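Below is one structure, written out as structure tokens; the observations come after it.
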Protein chains: 2
Amino acid sequence: MIAPEAIIRLEDGAVVLLDQTRLPGQRCERRCTSVAELIEAIQVLAIRGAPALGIAGAMGVALAAHAAPDHLAGLRRYVAEQAALLAAARPTAVNLAWGVAQAQAELDRDFGSPQEARGRVVACARRIHADEVARCRAMGRHGAGLLGADARLVTQCNTGGLATGGYGTALGVVHALAERGDVPHVYVPETRPLLQGARLTAYELAEAGIGHTLLTDNAVGVLFREGVVDAVLVGADRIAANGDTANKIGTYSLAVLAAHHAVPFYVVAPTSTIDPATPSGKAIPIEQRAADEVAAFAGVRTAPAGTPVRNDAFDVTPAALVTAIVTEHGVLRPPYALAGERP
Amino acid sequence: MIAPEAIIRLEDGAVVLLDQTRLPGQRCERRCTSVAELIEAIQVLAIRGAPALGIAGAMGVALAAHAAPDHLAGLRRYVAEQAALLAAARPTAVNLAWGVAQAQAELDRDFGSPQEARGRVVACARRIHADEVARCRAMGRHGAGLLGADARLVTQCNTGGLATGGYGTALGVVHALAERGDVPHVYVPETRPLLQGARLTAYELAEAGIGHTLLTDNAVGVLFREGVVDAVLVGADRIAANGDTANKIGTYSLAVLAAHHAVPFYVVAPTSTIDPATPSGKAIPIEQRAADEVAAFAGVRTAPAGTPVRNDAFDVTPAALVTAIVTEHGVLRPPYALAGERP
């Protein structure tokens, strides 16, 4: 498993992260020394995954505090400006704005010095990182309890340590199964357009020595028809108060396939992903990404120039198709009423 | 629309085809002067699509007859050997073996000379080509009758002229809608791994001036959830006697999505695609293709080296999910009993 501090860490005046755009071919670090550089890293998906974005958001506030004027009023003002930019870097995952807000809230109290304020923000960001990893381990235990021996699982995108700062949400459950002595097998949809399944999930499962099979996204239906899927395990980018779940594009199709074949569909997400301010999926903003992610690959055009493209980064699975939501507190079943579930 | 003879044609001692592996970037012809070269072209998918493979199979027999010894017994023996190789070039689409058998059957009668025999085979191959295009136009008329004005359609892979030698099956219905004055809109899944949707269907629709939107395969569920899909139109590579339909991987997931959202799911295929010798989908052989089609793209690895891959080229949609099958003879509804439907 990849160590949490290898995925993302706060150094003096820098957020250092494993550049996920270069995996699996190269394992190299990306050093962000300003909020602008961190926003760029988030937007190109050098760091991604809802819980990891929460950590990055909090660390970004620490970065802003580090660069801020050396008096408290100026520091608060500068951090507030930078925090607003950072929180808006990607719209769907609520964790990013949540992590930013958590760290920024540290500045609301009275401080003896800017240095003390900066120290509080740094401590908050590191605590959020540690907490997310601990939440993942708790989710792993709860999720593993839902599954029989040697489960055959379908997941989507990447929900491992890379997405969470360590251990993982849906993949954390897989780690927990392996830790209890099972031999799980994970079917990995490649997850177009950016192939986080092929690039990141296959990489993490290979590193952990867990059996897996890579398929194109459109090939997953065959597995359900063959009866070789015991459960679907996915993460979430935002869960509305009624249980509607935004997650990587393709999750909805998996949920429909699961329902059609009476296979349980589990969402595994920390309470930091629940947004009580969003009543239902209709209110979740869906990020639209560039056409070239779909119409070109590795510099090669795959569709005629000018082809109209739709490229939603996420879709919403209605609560009615979600068998259970696994959080660090336990397993929630429908009807979901999640307003009080946040950390 | 691309002219039939630009897609595939028989010249003296050569099958000349538009190389579909180079589209949309380059439009170039590939000249096959032996059955071995034609098999290679078929296996790399320079020509693909069930009806087009039937045409290629018949033209390949003409190629064999051209190269055969100049006495009737030797000609028949040589053609039989070459025909067996050609028919086995790809296993799923029944049309390939059907086209080969049709052309080969021409040699069963008595001939005055090898030259006369060769002429019969050439005429048969050209007749099959003309017949497939005529069948497509008939299917287009029948299929268009199922659809209201300005239908919003989802398809899969490529079922246009490139797949059929001209006009198309499922895309032929779209052409027929445009010809009757409608403004249809086609949602085009890119169709991983080889992107026939992005590369070929988007190309053909752009050439024909028909509105379309390209999406990743995993993004199609959103369209159903938004209620913007009036029907799914797909082709077929083999239809069993009970109506079970093998088609490009991903078709089954579309059928499940359509059923879940009460959207009609239409298979559009000529009777040359029906295989009365195959009682149900269980008996259809599914071609397994190379792992690198999934784990690499344009020479760039997309998954860690050694990642286990499953790469079925096709899946089977059970007849229960097929609202109707559109052939050149009309619209068939369940229960399907197709043994007598061949041309």
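Values in this document were obtained by computation on a predicted structure and should not be read as measured data. Naming convention: chains lettered A, B, ... in sequence-line order (proteins, then strands); numbering from 1 in each chain.
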Interatomic spacing from [atom1] in [X] to [atom2] in [Y] - rounded to 0.5 Å:
X      : Y      : atom1 : atom2 : answer
B:D217 : A:T191 : CG    : OG1   : 11.5 Å
A:T216 : B:N311 : OG1   : CG    : 6.5 Å
A:R310 : B:L215 : CZ    : CG    : 7.0 Å
B:T307 : A:Y203 : OG1   : OH    : 11.5 Å
A:F297 : B:R192 : CZ    : CZ    : 7.5 Å

Can you find a heavy atom in the side chain of [X] that is under 4.5 Å from one in the side chain of [Y]?
X      : Y      : result
A:V256 : B:V256 : yes
A:L214 : B:V294 : yes
B:P318 : A:R225 : yes

Side chain, backbone, both or neither: which part of [X] has a non-hydrogen atom closer than 4.5 Å to chain B?
X      : result
A:A202 : both
A:L254 : neither
A:P24  : side chain
A:L194 : neither
A:D312 : side chain
A:N218 : both
A:E226 : side chain

Top of [options] for chain B proximity - count of heavy-atom pairs under 4.5 angstrom:
options                        : result
A:G250, A:A198, A:G299         : A:A198
A:S253, A:P304, A:G197         : A:P304
A:V222, A:L200, A:T302, A:V316 : A:T302
A:K248, A:Q156, A:H260         : A:H260

Quick check on B:L223 against chain A: is it the side chain, the backbone, both or neither that has a heavy atom closer than 4.5 Å?
side chain
Report which part of B:A219 has an atom under 4.5 Å of a heavy atom belonging to chain A: side chain, backbone, both, or neither.
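Both the backbone and the side chain of B:A219 come within 4.5 Å of chain A.
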Answer key: most heavy-atom pairs under 4.5 Å with chain A among B:E293, B:R301, B:H212 is B:H212
